[in-house]
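A quick write-up on the structure given underneath.
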2 protein chains.
Amino acid sequence: MGQDFYQILRGLRLKATPKRIAMLEILDAERGYLSPEDIWKRMRKQFGRLGLPTVYRNLEGLYGGGVISRVIHPNRQLYYYLCRNEEHHHHFICISCRRVEDVNFCAEKELQDAVTGGIKGKVLSHILQINGLCFTCLQKEGTARAY
Amino acid sequence: MGQDFYQILRGLRLKATPKRIAMLEILDAERGYLSPEDIWKRMRKQFGRLGLPTVYRNLEGLYGGGVISRVIHPNRQLYYYLCRNEEHHHHFICISCRRVEDVNFCAEKELQDAVTGGIKGKVLSHILQINGLCFTCLQKEGTARAY
DNA sequence: CCTTAAATGAAAACTGATTCTGTTTATCAC
DNA sequence: GTGATAAACAGAATCAGTTTTCATTTAAGG
């Protein structure tokens, strides 16, 4: 699995440093999204000394390469998570447990057309992010983590 | 027109202070989105001394009340614009000239269903924002403002 | 008017993110 | 292996946008 990430980084012309590999492993082990600081704290357990700027730099590189995706939390912070299947870009994020779920759109194709079509200008990018409480957190809504 | 905003603020249980009215007038006069600092600069021409925190506080209140909407620019800053028609929530934003255009979705209804339906959890909010270059900026792409 | 809760200005603090500089390290050619 | 080199790194300083605090002012309703 680690070697897997190695190949991905090679493809992006990014050096396969132990820290980058570790970042991808951390994100892979997580079913949800993590803040840069979350990642930093976990990495310090492995590496001891480690700069927070390194985490930001690598997140930027990995995000630019499309290996990881990011989420804008209602609290305005940015969080990151690993992209698992590249053809699927839309997610439902739970703002309580921070889990990221694929959205099984009945009309994913129509959605794409709606987003990119019917516009006179040129679409460069779009953000579609659905925030809510996942089914699990909904059950125990009273005890959900503050957000 | 100013009286119009007065009523809106009353409805939100926000005091109709001259500064809040002015903010709404500034946003109304603009066809595009403005940064908090943009708004602050324009207000200082009217009011002389004026604190930037006041702008932030009022933006928060107006945004909470749904009178204004906001945009996350690719440069990661937040910008605000006036909501003109409440039933229509999706916009195309030009990241060059900062104009906000309504999107005339052929399938706005299907889009809504796709966003809110088919999810086991509870949808609390969503962000759908389409970034690009408007038709005008597309023509003069070489001279478009940096973003 | 007059009272009161809300809004404001000013200064300071916070926070996430970035820049800078010198050092270390992964990669690749040999 | 070994050395060269371009990238990555740590640590400190810095930055910009935003928020807090607190004393003062002001709008709204009686």
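These numbers were taken from a predicted model, which means no experiment stands behind them. All values below come from the heavy atoms of this structure, side chains included, with hydrogens, waters and symmetry mates left out. Letters go in sequence order (proteins before strands), and every chain restarts at 1.
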Tell me if the [atom1] atom of [X] is crowded by more than 12 foreign heavy atoms within 6.0 Å.
X      : atom1 : result
B:E60  : CD    : no
B:R44  : CZ    : yes
A:F135 : CZ    : no

>> Tell me which residues in residues 45-59 of chain A lie within less than 4.0 Å of DNA chain D, going by non-hydrogen atoms.
In response: A:R49, A:L50, A:G51, A:P53, A:T54, A:R57, A:N58
Provide, to the nearest angstrom, the distance between the [atom1] atom belonging to [X] and the [atom2] atom belonging to [N].
X     : N      : atom1 : atom2 : value
A:L12 : C:dT27 : CG    : P     : 14 Å
B:I21 : C:dT8  : CD1   : P     : 11 Å
A:D38 : C:dA17 : CG    : P     : 11 Å
A:R20 : C:dT25 : CZ    : P     : 15 Å
B:H73 : D:dG17 : NE2   : C1'   : 15 Å
A:L34 : C:dG16 : CG    : P     : 15 Å
A:R13 : C:dC28 : CZ    : P     : 13 Å
B:E60 : C:dT8  : CD    : P     : 13 Å

> Which class fits the ring pair B:Y79 and B:H73: parallel under 30°, tilted 30 to 60°, perpendicular over 60°?
Replying inline: tilted
Please confirm whether the backbone N or O of [Y] pairs with a side-chain atom of [X], one donor and one acceptor, at under 3.5 Å?
X     : Y     : answer
A:R20 : A:N58 : no
A:D38 : A:S35 : yes
A:R42 : A:M23 : no
B:W40 : B:L50 : yes

> Can a side chain N or O of A:K19 be found less than 4.0 Å away from OP1 or OP2 on D:dA10?
Replying inline: yes
> Shortest non-hydrogen contact from A:V71 to A:Q129?
Replying inline: CA-OE1, 3.6 Å
>> Output one letter per nucleotide in nucleotides 24-30 of chain D: B when a protein non-hydrogen atom lies under 4.0 Å from the base, S when only the sugar-phosphate is that close, - when neither is.
In response: --BBSS-
